[in-house]
Amino acid sequence: MVGMRQKNSLAAATLLLLFLGLLIHWQVAWLRDIQTEAPREEQASLSQQAREYYDVYENIWKDLEYFPIPLSTSNPNAKIQFEDSWMFERSYGGTYGHEGTDLMPDSNVAGYYPVLSMTDGVVENIGWLEKGGWRIGIRGPHDGYFYYAHLDSYARDFQIGDVVQAGELLGLMGDTGYGQEGTRGKFAVHLHVGIYIRTDQIPELAVNPYWFLRYLESFKLSYAYE
């Protein structure tokens, strides 16, 4: 097993950073538009909320280090694909928006692709969720919450409060979830990645992971898996 950071394309990284800056700008602008219609006593609160959004988005960047799926040094065909599926409709247990990005492998085989932690952090949640299957949630040092779902298995007996290092093996990609504990095969093998932030007003706010993952494609570790 070999770990090495791939060379980053400065131009691509810069474009992605600029895009994120635009996203933040649009969100802040939206809040400002609301302010023009809000009573004066509410405007100070909305301004503070805009500043908080900017700060927490910035903190996510501070936490991120590696793409969650490493390159295979022994199988060049072990690739994954993903798209911006933010808020696409999901219907298990009711209709709702998709709060994450799904990393889809070219080979629909559970227990094959390693899943790595994108950040340093502390295990905040572990175990089975009806929708998420075997999942792990890690709180980063700058307070972002990074959620990995539908795992086939865990790399070790993680406990709440365990310290995790960026690039550490969390488990293997799977197809668990959408049922009682142990349910498998209800959908194609994939890794669901979610990112959440919290503010004084909103304790758990989902953030679109897509552009963060696009950026992290330039920061992949390499593992020997066949």
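Hydrogens, waters and symmetry mates play no part in the numbers below; they use all other heavy atoms, side chains included.
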Over 12 foreign heavy atoms within 6.0 Å of NZ, Lys62: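 Enclosed: over 12 neighbouring heavy atoms sit under 6.0 Å from NZ of Lys62.
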Tell me whether the rings of His192 and His150 are parallel (<30°), tilted (30 to 60°) or perpendicular (>60°).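 If you compare the ring of His192 with that of His150, the planes turn out perpendicular.
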Please round to the nearest 0.5 Å and tell me the distance separating atom [atom1] of [X] and atom [atom2] of [Y].
{"X": "Gln81", "Y": "Asp106", "atom1": "CD", "atom2": "CG", "result": "5.0 Å"}
{"X": "Lys220", "Y": "Phe67", "atom1": "NZ", "atom2": "CZ", "result": "5.0 Å"}
{"X": "Tyr96", "Y": "Lys131", "atom1": "OH", "atom2": "NZ", "result": "4.0 Å"}
{"X": "Met104", "Y": "Phe187", "atom1": "CE", "atom2": "CZ", "result": "9.5 Å"}

Between [X] and [Y] (side chain of the first, backbone of the second, donor and acceptor by atom type, cut-off under 3.5 Å), is there such a pair?
{"X": "Arg135", "Y": "Gly127", "value": "yes"}
{"X": "Ser85", "Y": "Thr101", "value": "no"}
{"X": "Tyr215", "Y": "Tyr210", "value": "no"}

Hydrogens and angles aside, do Asp143 and Asn59 bring a side-chain donor and acceptor to less than 3.5 Å of each other?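 The answer is no; no qualifying pair exists.
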Tell me yes or no: between the side chains of Tyr145 and Asn125, is some donor less than 3.5 Å from an acceptor?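 On atom types as modelled, these side chains qualify, holding a pair under 3.5 Å.
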Quick check: closest heavy atoms across [X] and [Y], and the distance to 0.1 Å?
{"X": "Gly111", "Y": "Leu172", "result": "O-CD1, 3.3 Å"}
{"X": "Pro114", "Y": "Pro70", "result": "O-CD, 3.4 Å"}
{"X": "Gly179", "Y": "Tyr92", "result": "N-OH, 3.4 Å"}
{"X": "Leu170", "Y": "Ile138", "result": "CD2-CD1, 3.8 Å"}
{"X": "Tyr148", "Y": "Met118", "result": "OH-N, 2.9 Å"}
{"X": "Ala110", "Y": "Asp175", "result": "CB-OD1, 4.1 Å"}

Taking [Y] as the starting point, is it possible to reach [X] by hopping between hydrophobic residues whose side chains are less than 4.5 Å apart?
{"X": "Met173", "Y": "Tyr154", "answer": "yes"}
{"X": "Val123", "Y": "Val115", "answer": "yes"}
{"X": "Tyr196", "Y": "Trp86", "answer": "no"}
{"X": "Ile197", "Y": "Val193", "answer": "yes"}

Non-neighbouring partners of [X] that pass side chain to side chain contact (heavy atoms under 4.5 Å, CB included), sequence neighbours left out:
{"X": "Lys186", "result": "Tyr178, Thr183"}
{"X": "Glu181", "result": "Trp128, Trp134"}
{"X": "Ile160", "result": "Ile126"}
{"X": "Ala78", "result": "Ser72, Asn75, Tyr112, Tyr113, Tyr225"}

Side-chain contact test, heavy atoms from C-beta onward, threshold under 4.5 Å: evaluate it for [X] versus [Y] and give yes or no.
{"X": "Phe82", "Y": "Ile69", "answer": "no"}
{"X": "Pro68", "Y": "Leu213", "answer": "yes"}
{"X": "Tyr223", "Y": "Ser74", "answer": "no"}
{"X": "Val109", "Y": "Val189", "answer": "no"}
{"X": "Asp63", "Y": "Phe146", "answer": "yes"}
{"X": "Leu191", "Y": "Ile80", "answer": "no"}
{"X": "Asn208", "Y": "Met87", "answer": "no"}
{"X": "Leu116", "Y": "Tyr66", "answer": "no"}

Which ILVMFWY residues can you reach from Phe88 by hopping between side chains whose heavy atoms are under 4.5 Å apart?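 Noted: Phe88 shares its cluster with no other residue.
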Let me check something: any side-chain donor-acceptor pairs from residues 161-168 under 3.5 Å, sequence neighbours excluded? List them with distances.
unit_1	atom_1	unit_2	atom_2	d
Asp162	OD2	Arg156	NH1	3.4
Asp162	OD2	Gln159	N	2.7
Glu168	OE1	Gln165	N	3.1
Glu168	OE2	Arg156	NE	3.0
Glu168	OE2	Arg156	NH2	3.1

Begin with the C-alpha distance, continue with both residues' side-chain angles, and end with the deciding distance and a verdict on side chain to side chain contact (heavy atoms under 4.5 Å, CB included) for His190 and Leu103. CA-CA 6 Å; His190 69 280; Leu103 304 183; 5.9 Å; no
